[in-house]
Amino acid sequence: EVQLVQSGGGLVQPGGSLRLSCAASGFTFGSYDMSWVRQAPGKRPEWVSAINSGGDTTYYADSVKGRFTISRDNAKNTLYLQMNSLKPEDSAVYYCATDFTGLRIRRPSIYEYDYWGQGTQVTVSS
């Protein structure tokens, strides 16, 4: 059974940092690209970042470029999202997701992926 179990997140002040983790099981993690997407109340879902299977190629939405860093540890079957210089507009539920075809890694909605995590709330507020 494929599982993506997320951890991290929480409440942070503007300018602060958080790290999200996504532990994968039930599939060969190191063979597949991974993505992060987010959903804020009343807003359309937004693709945030993606990383290729080997971890040497990364992609970012313009809204987070230079502030967020996606990475992975294939030995630990874990995906990360380091978020720095957080802004109130970054507040959302964040999901890790994977698309086994590799063709949809920049899609905004979790329903366009094959599997996704349970989501974790990130709130940026003073």
Side-chain angles (χ1 to χ4, degrees):
E1 178 189 6
V2 172
Q3 286 193 316
L4 296 172
V5 180
Q6 297 179 223
S7 59
L11 174 64
V12 65
Q13 293 186 340
S17 298
L18 285 173
R19 188 175 83 157
L20 306 183
S21 299
C22 173
S25 61
F27 66 105
T28 308
F29 178 73
S31 294
Y32 297 100
D33 302 342
M34 298 292 297
S35 303
W36 289 98
V37 301
R38 64 187 181 186
Q39 172 79 67
K43 295 185 179 180
R44 303 177 78 169
E46 180 183 16
W47 170 76
V48 174
S49 183
I51 187 168
N52 73 335
S53 58
D56 57 350
T57 303
T58 57
Y59 309 89
Y60 297 95
D62 288 343
S63 58
V64 306
K65 198 173 295 183
R67 300 188 297 120
F68 290 14
T69 303
I70 189 172
S71 63
R72 64 192 298 163
D73 185 335
N74 287 344
K76 295 183 178 180
N77 290 348
T78 303
L79 175 73
Y80 303 100
L81 185 67
Q82 178 67 44
M83 304 183 293
N84 298 330
S85 302
L86 282 161
K87 305 175 182 180
E89 51 264 42
D90 294 318
S91 297
V93 177
Y94 284 71
Y95 298 89
C96 60
T98 186
D99 157 43
F100 282 1
T101 70
L103 299 176
R104 302 188 296 268
I105 63 170
R106 299 194 195 189
R107 301 306 297 165
S109 171
I110 58 174
Y111 301 108
E112 298 181 87
Y113 292 83
D114 293 317
Y115 298 96
W116 55 90
Q118 82 276 19
T120 186
Q121 178 70 48
V122 171
T123 303
V124 185
S125 175
S126 55

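These numbers were taken from a predicted model, which means no experiment stands behind them.
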Could you pull out the closest heavy-atom pair between A40 and S91, with the gap in Å?
CB-O, 3.5 Å

Interatomic distance, CZ@R104 vs OG@S109, rounded to 0.5 Å, equals 11.0 Å

Tell me, do P108 and V37 make a side-chain contact under 4.5 Å, heavy atoms counted?
no

Using only atom types and a distance under 3.5 Å, with no angle test, would you say the side chain of D33 pairs donor to acceptor with the backbone of S53?
yes

Between A24 and L4 the two heavy atoms that sit nearest each other are CB-CD2, 3.6 Å

Here's a test for you: under side-chain contact (heavy atoms from CB on, under 4.5 Å), which of V48, L81, L79 qualifies with L20?
L81

If we ignore hydrogens and angles and just use 3.5 Å, is the side chain of R106 paired with the main-chain N or O of A61 as donor and acceptor?
no

For a 4.5 angstrom cut-off between non-hydrogen side-chain atoms, does P45 reach E112?
no

State, with a plain yes or no, whether a side-chain heavy atom of Y32 is found less than 4.5 Å away from one of I105.
no

Using a 3.5 Å distance criterion without hydrogens, assess whether the side chain of R67 forms a donor-acceptor pair with backbone atoms of S85.
yes

Y59 side, atom OH; S35 side, atom OG - distance, nearest 0.5 Å
10.0 Å

How long is the span from the SG atom in C96 to the CD1 atom in I70, to the nearest 0.5 Å?
9.5 Å

Short N-O contact, K87 and D90, less than 4.0 angstrom
no

Identify the residue among Y115, F29, Y113 that makes a side-chain contact (heavy atoms from CB on, under 4.5 Å) with T98.
Y115

Minimal non-hydrogen separation, D114 against T101, with atom names
OD2-N, 4.1 Å

A side-chain contact here means heavy atoms from C-beta on lying under 4.5 Å apart; do T69 and Y60 qualify?
yes

Counterpart residues, side chain to side chain donor-acceptor pair (under 3.5 Å), relative to Y95 (two or more places apart):
none

Measure the spacing between CD of Q82 and OG of S21 and express it to the nearest 0.5 Å.
9.5 Å

Mind checking the CZ-CG spacing from F68 to L86? Nearest 0.5 Å is all I need.
5.0 Å

Is there a donor-acceptor pair under 3.5 Å between the side chain of Q6 and the backbone N or O of C22?
no

Considering all heavy atoms, the nearest A92-Q121 contact:
O-NE2, 3.5 Å

How far does CG of D99 sit from CE of M34, to the nearest 0.5 angstrom?
10.5 Å

